[in-house]
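Below you'll find the structure, written out as structure tokens, and then a few comments.
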Amino acid sequence: MKRALLLLATMLASPVAAQTVAITNATVALGDGSAPIEGGTVVFQNGRITAAGRGVAVPAGAEVIDGSGKWVAPGFVAGFSDLGITDAAGVAESNDAGARTSPFNAAIDVSVSINPAEVKVANERRGGVTRALVAPEASGSIFAGEGAVIDLGNDPQPVTRARAFQFVELGEGGGRLAGGSRPAAYAMLRDALSQAQDYRRNPASFGGREKDSLVKRGDAEALLRVLDGAVPLVVHVERASDILTVLALPRDYPKLKLVLTGVSEGWMVAREIAAARVPVIAAALADLPAQFESLGATESNVGRMRAAGVQVGLASTGANGGEHNLRQYAGNLVGITRVPGHTGLNWGEALASITSGPAAALGMDGEIGSLRTGRRADVVLWDGDPLELSSAPVAVWIDGRAQPMQSRQSQLRDRYLVPTEGALPKAYER
């Protein structure tokens, strides 16, 4: 055991992990919805998972970590998040989530401004979050712009996939942005898609450069990718009737790939969502309606949708304390299955809702979100069940590279954990 711990410490001190790593004798949670596997092994090499499960052979020359008494799981995938674009939400200079007065909307690409050194990133990483679906905020139009998928690794290249989806705000929020009503928001949506089609037919005659044009040329190009099904259209809606209206859009735009987020009243139309095969990224345990559009909110929303066959991931929106607290919500969805009259998730489904579920919503579950063979080696070693609040990560790998387990918050904690007499830091002299 001492040798294994020494080996682990050596790996974490290095910026690049050993070429082949095997974690043995652990409880392995694949993150694909299946039950945990006791006494399992996970092997990853050159940044990819090569094997995971019981009876897995350890390759010759692999660095072996004894996971006895520990759990191995894929890193959490936070969606939809502002990690990397909002260091301090209340400070305009550090907040790149929205652009209220910009002439552009759908063309805004958040990937160009992702800051891997943002203070929150390291804290979320040490909490087990390894990837995030970063979404812009709709503030000047119903179209927020193009979101990105990022990793939380300790390196200067965080973008996994740029321009990964287009985010649009409908429902109450979209109504406000479009002039005051839901019909206005849907009119704006359809008109923008129509203008994008005009741009495709004749780019030379398309305007888009006029000061008062609603759709710029860059916006039209971005929306063509949506119309062609090259990127998903992520739509924020809460009310059941709004959900049904959005589900009808592919009748007119057959290549459209929809993803719903918010969806407080999804349980009321779960069969329709499942029949349309539209994935959902929803808030967990939201039962206190903050708006009229979510009067039907219930803690059983996610469980009921999943029972109806809807592909569901959990949204990090509203995850107080940070994206790593997604595991608390997932664990609570397991807990409410024991409450009479409530519907939640089993353990495997709950872990998948914060790993492979969000990845699958964007069609990326073949790359991230699980420990299945061939996926990126985003691996977290836990000292216990990752859905229990008493557990904590022991080590984190992203793309097979061992990550530092410190953050600014942990350094401040350690600095002031035991107060001592003496001179205060220079900043305290004022």
Side-chain angles (χ1 to χ4, degrees), residues 4-17 21 23 26 65 67 69-78 81-91 94-95 114-132 134 150-158 316 318-331 354-355 377-428:
L5 291 176
L6 179 60
L7 173 61
L8 181 59
T10 301
M11 291 174 61
L12 294 179
S14 171
V16 180
V21 177
I23 304 173
I65 297 171
K70 297 180 176 62
W71 290 56
V72 185
F76 302 147
V77 179
S81 172
D82 63 0
L83 281 172
I85 57 173
T86 304
D87 217 337
V91 180
S94 71
N95 188 339
I114 300 295
N115 177 20
E118 182 186 279
V119 172
K120 293 186 296 183
V121 169
N123 207 49
E124 298 303 330
R125 180 176 64 230
R126 64 186 295 270
V129 181
T130 56
R131 304 271 166 178
V134 180
I150 68 169
D151 71 68
L152 274 63
N154 184 35
D155 64 76
Q157 302 296 332
S316 58
N320 295 327
E323 279 78 355
H324 62 278
N325 285 333
L326 280 168
R327 69 190 184 102
Q328 176 180 353
Y329 296 112
I354 56 175
T355 53
D378 296 347
V379 182
V380 182
L381 181 63
W382 294 80
D383 61 11
D385 182 340
L387 300 188
E388 292 289 341
L389 289 181
S390 57
S391 303
V394 174
V396 175
W397 292 262
I398 296 177
D399 283 327
R401 298 186 177 188
Q403 301 295 315
M405 296 299 289
Q406 297 84 33
S407 68
R408 179 174 175 81
Q409 284 87 339
S410 67
Q411 290 171 334
L412 288 170
R413 176 204 63 196
D414 295 342
R415 180 175 183 176
Y416 296 109
L417 188 63
V418 181
T420 57
E421 294 292 337
L424 290 172
K426 184 76 174 175
Y428 286 80

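Note that the numbering runs from 1 along the sequence shown for the chain.
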Only pairs under 3.5 Å count here: list side-chain donor-acceptor contacts from residues 408-419, not counting sequence neighbours, and write none if there are none.
| residue | atom | partner | partner atom | Å |
| --- | --- | --- | --- | --- |
| Ser410 | OG | Ser407 | N | 2.8 |
| Ser410 | OG | Ser407 | O | 2.9 |

Candidate list Arg125, Arg126, Glu323, test side chain to side chain contact (heavy atoms under 4.5 Å, CB included), partner Leu152, passing option: Arg125
Kindly write out the residues that satisfy side-chain hydrogen bond (donor to acceptor under 3.5 Å, both in side chains) with Asn95, not counting sequence neighbours, or none if the list is empty. Thr86
Taking the side chain as everything from C-beta on, heavy atoms only, tell me whether Thr355 gets closer than 4.5 Å to Phe76. yes
For Ala26 versus Val72, what's the shortest heavy-atom pair and its separation? CB-CG2, 3.6 Å
Kindly state each residue pair satisfying salt bridge (charged side-chain N to carboxylate O under 4.0 Å, His left out) with at least one member in residues 381-394, sequence neighbours excluded. none
Of all residues at least two apart in sequence or in a different chain, which pass the side chain to side chain contact (heavy atoms under 4.5 Å, CB included) check with Ala330? Leu314, Ala350, Ser353, Ile354, Leu387
Heavy-atom closest pair (Leu83 atom, Ile114 atom, distance to 0.1 Å) is O-CD1, 4.3 Å
Counterpart residues, side-chain hydrogen bond (donor to acceptor under 3.5 Å, both in side chains), relative to Ser391 (two or more places apart): none
Salt bridge (charged side-chain N to carboxylate O under 4.0 Å, His left out) with Asp151: which residues, sequence neighbours excluded? none
Determine whether a donor-acceptor pair (N or O, by modelled atom type, separation under 3.5 Å) exists between the side chain of Glu118 and the backbone of Ile85. yes
Can you find a heavy atom in the side chain of Trp397 that is under 4.5 Å from one in the side chain of Thr130? no
I need the Asn154 CG to Met405 CE distance, nearest 0.5 Å. 12.0 Å
Of all the heavy-atom pairs spanning Gly127 and Trp382, show the shortest one and how long it is. O-CH2, 3.7 Å
Identify the heavy atoms of Ile23 and Val379 that sit nearest to each other, and give their distance. CD1-CG1, 4.1 Å
What are the two closest heavy atoms between Arg401 and Gln403, and how far apart are they? O-NE2, 3.0 Å
Who passes side chain to side chain contact (heavy atoms under 4.5 Å, CB included) against Pro116, sequence neighbours left out? Pro158
Taking only residues two or more places apart in sequence or in another chain, which ones pass salt bridge (charged side-chain N to carboxylate O under 4.0 Å, His left out) with Asp399? Arg131, Arg376
Nearest heavy-atom neighbours spanning Leu326 and Ala78: CD1-CA, 3.9 Å
